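No experiment lies behind these values; they were computed from the predicted model shown.
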Amino acid sequence: MDALAGLNPAQRKAVEAVRGPVLVHAGPGSGKTRVIVHRIAHLVASCGISPHSIVAVTFTNKAAREMAERLGHLLGRQAGELSLGTFHALCAGILRRDGAAVGLHRRYSIYDDGDQIGLVKRGLQDLGLDPRAYNPRALLTAIGAAKSRLLTADEYVQSSQSYFEEVVGRVYLRYEMLLAQNQAVDFDDLLMKTHHLFQSQPQILARYQAGYDHVLVDEFQDTNPTQYALARQLAAGQSNICVVGDPDQSIYSWRQADLRNILDFERDYPEAQVICLDQNYRSTQTILEAAHSVVSVNEDRKETELWTENERGLPVVVLEAESESDEARFVVREVARLLAGGDVSPEDCAVMYRTNAQSRALEEAFIRRGMPYQVIGGVRFYERREIRDLIAYLRFLYNPYDDVSLLRIVNTPLRGIGQRTLDEFRSWTGQVGIPLYAGLQRLCEDGPANPFGTHAAAALGRLASLVRDLSARSAEVDVARLLDSVLEMTGYQAYIIESADGEERWQNVLELRGIAASYQHLDPQQGLTAFLEGVSLFSDTDELDEKTGRTTLITLHQAKGLEFPVVFIAGMEEGLLPHFRCFEDREQMEEERRLCYVGMTRAKKRLYLLRAVRRTFMGGVTANPPSRFLGDIPRKLTRSATVYGEEAEPGSPVVAAAVEFQAGDHVEHPKFGQGVVVASRSTGDDSELEVMFAGLGRKKLLASLARLSKSSPE
DNA sequence: GCCTCTGGATTTTTT
DNA sequence: ATCCAGAGGC
């Protein structure tokens with residue numbers, strides 16, 4: 001095997017630079033994955049490095065799988081010995097093995113977003129704070145941000161500067177306590193606790209460092225400081241660390257990804273080799289130039305430009321539609337037209353958008369035309385109620401300290417344990433000083449001689465023996481059979497089938513059953529561990545399948561790393577892309593630009609930028625001006641067109657009302673002063689505006705009542 | 001204890 | 001438009 005075959009000089013250099021720190025700057029379509037794969041193959045096949053001592057971190061599980069597959073072709077069996085995965089998956093494994101050193105049981109739970117919100121709300125309650133006065137979401141974001149910067153609750157409290165931060169600090173402390181009680185971690189904890197483990201237990205770190213001589217990090221621009229710190233810890237033994245990224249494609253700052261990691265890398269490893277991959281193999285010259293014209297407006301940016309030997313190609317199509325349904329109809333018609341041409345198949349096409357809500361109109365159009373499509377993300381499988389319920393059952397059986405899961409299933413399906421009984425039960429276990437699950441055990445042992453009223457005692461007793469029987473079962477049978485037992489013994493199956501949309505929900509349950517069945521080859525304990533971990537760390541992009549014969553509908557964020565011959569970007573409007581939440585902040589606005597750049601550079605041959613003049617949004621109608629990004633693309637690269645459908649006339653009153661004030665307009669209010677319209681919805685003959693006023697925040701106003709006047713921006 | 005109704009908030013992106 | 005929490009009736 002020749003790991004260097006077919007590489008250009010820069011790629012070859014990146015593959016061969018095996019010693020010491022390396023920073024690879026890889027623009028879109030520059031063969032980044034190729035470089036990583038060949039670098040690993042080169043390390044193993046030519047340098048004689050053991051695959052056991054290589055760890056490669058990817059952004060998604062899917063990326064890890066694909067890499068594993070390609071390496072399988074190059075290295076055969078040895079590829080299975082590499083450590084490949086996301087930071088989260090790798091950390092979950094490390095904590096499973098060594099978490100005891102930081103107070104974590106072997107069987108801990110991983111809490112997702114919904115669980116976390118629940119814990120924050122409980123924390124607020126415990127502290128006697130009103131969950132309506134303090135938005136749990138905002139608190140959780142603040143806590144997550146702290147964890148992404150390795151700030152513990154104590155440190156946070158020490159350093160809090162404002163009243164809000166003080167509240168966050170108190171909630172953070174409480175939240176951590178609740179997690180510990182439940183033997184649970186959140187996503188950020190997977191990283192932070194691993195880091196803490198390594199820091200506090202040098203002998204454990206040494207073991208991993210000795211194991212990992214070579215550390216690779218993909219999508220480095222989207223790592224957060226905690227992830228970077230982890231990578232440094234792992235690489236500290238040999239300093240053979242290679243990070244690959246592209247600052248222009250950094251689109252996850254809201255998840256605390258920090259571009260400064262790239263600068264820090266050069267500071268932390270001054271001897272690092274920097275290699276730039278700037279030849280693009282993916283797109284036409286026209287597409288590259290158009291994309292560059294959008295991203296190059298950014299001020300926080302080193303000027304780099306990709307070049308390509310590919311043909312000039314077709315102009316970028318810029319299309320104005322009357323409504324989102326016209327926009328969607330155009331997409332479907334155009335896909336059909338290209339299919340008829342013969343050289344394009346449905347899976348060659350992708351439709352991208354800023355927000356998941358936009359997928360709806362598109363989906364309808366595909367359905368109406370009978371065209372095959374797949375939506376990535378959207379209503380997520382693992383967020384469906386029936387799925388969460390069943391996972392809660394399994395999670396509680398796996399980790400009995402997991403009260404969040406227990407409380408979810410205590411009365412699902414209904415078994416007569418209402419709020420009242422539950423409160424009594426909880427205060428009883430509190431008084432006795434035992435965890436909830438132990439309380440249930442005790443009820444089992446004591447039989448009817450418990451301190452509750454007859455009705456409650458009977459209901460609790462039934463739950464207790466149910467739990468006892470199911471946990472006995474969990475030690476004996478594989479995940480799929482355990483799930484069967486849950487469905488049967490709890491009456492959940494009947495409960496689902498009789499519920500509204502029972503048929504559909506039961507199908508979901510069967511799908512989960514199928515996923516569980518894929519863990520059958522493991523012993524009961526390992527199987528349950530692996531299943532729950534897989535479920536927790538699963539991401540929507542993981543299910544993306546490129547060879548389906550279906551057109552892909554996907555958010556711009558999820559599209560990162562993918563490529564398609566034909567790309568449509570829908571909703572090129574002020575308020576959507578860029579999103580109105582970013583109007584006020586230059587850095588965020590620059591990220592919107594990068595997001596647009598990421599979308600455009602997914603396209604190989606054909607790129608369509610679409611917008612709708614009028615769009616339904618939260619019940620009302622909004623009218624958004626064209627995205628400023630469209631204006632940055634030189635006209636010579638584009639071809640413009642308009643589509644107007646039959647159902648709407650441009651001059652209709654509905655449209656007129658919404659057009660009066662548009663998202664992005666600067667306005668003046670007699671009392672509130674200067675502001676920016678962030679949303680306008682037309683409701684019949686009036687429009688309801690949301691305006692962001694300097695210092696006052698968002699206010700909702702009726703256009704007919706509030707005496708607003710348009711003003712010029714500064 | 002459970003069901004239904006209402007009003008309010010809520011949607012940006014996700015490991 | 002849809003989801004949630006809280007109130008009130010059975």
Could you list the residues that satisfy ring-ring contact (aromatic ring centres under 6.0 Å, His included) with Tyr134(A), not counting sequence neighbours? none
Under the ring-ring contact (aromatic ring centres under 6.0 Å, His included) rule, collect the residues that match up with Tyr382(A), sequence neighbours excluded. Phe538(A)
According to a strict under-4.0 Å criterion, is [X] in side-chain N/O contact with OP1 or OP2 of [N]?
| X | N | answer |
| --- | --- | --- |
| Asn356(A) | dT14(B) | yes |
| Thr616(A) | dA1(C) | no |
| Gln558(A) | dT14(B) | yes |
| Lys560(A) | dT13(B) | no |
| Asn224(A) | dT15(B) | no |

By nearest atom, which of the nucleotides dT15(B), dT14(B), dT2(C) is closest to the Phe187(A) side chain? dT15(B)
Excluding sequence neighbours, so at least two apart, what forms side-chain contact (heavy atoms from CB on, under 4.5 Å) with [X]?
| X | answer |
| --- | --- |
| Asp188(A) | Lys147(A), Ser148(A), Asp186(A) |
| Tyr495(A) | Thr412(A), Pro413(A), Tyr492(A) |
| Gln233(A) | His195(A), Phe198(A), Gln199(A), Leu205(A), Leu230(A) |
| Ala357(A) | Thr355(A) |

Side chains of Gln116(A) and Leu119(A): closer than 4.5 Å at any heavy-atom pair? no
By nearest heavy atom, map Gln227(A) and Thr355(A) onto DNA chain B; which one lands nearer the 5' end? Thr355(A)
Taking for each residue the nucleotide of DNA chain B with the nearest heavy atom, is it Asp113(A) or Thr421(A) whose nucleotide lies nearer the 5' end? Thr421(A)
Once you round it to whole Å, what is the distance between P of dT13(B) and CZ of Arg594(A)? 18 Å
Separation of atom CD in Glu591(A) from atom P in dT14(B), rounded to whole Å: 13 Å
Of the residues in residues 246-257 of chain A, which ones touch DNA chain B at a heavy-atom distance under 4.0 Å? Tyr252(A), Trp254(A), Arg255(A)
With Asp218(A) via salt bridge (charged side-chain N to carboxylate O under 4.0 Å, His left out) - residues at least two apart: Lys32(A)
Polar atom pairs (N or O), protein with nucleotides 2-5 of chain B, under 3.5 Å:
unit_1 : atom_1 : unit_2    : atom_2 : d
dC2(B) : OP1    : Gly416(A) : N      : 3.2
dC2(B) : OP2    : Asn411(A) : ND2    : 3.0

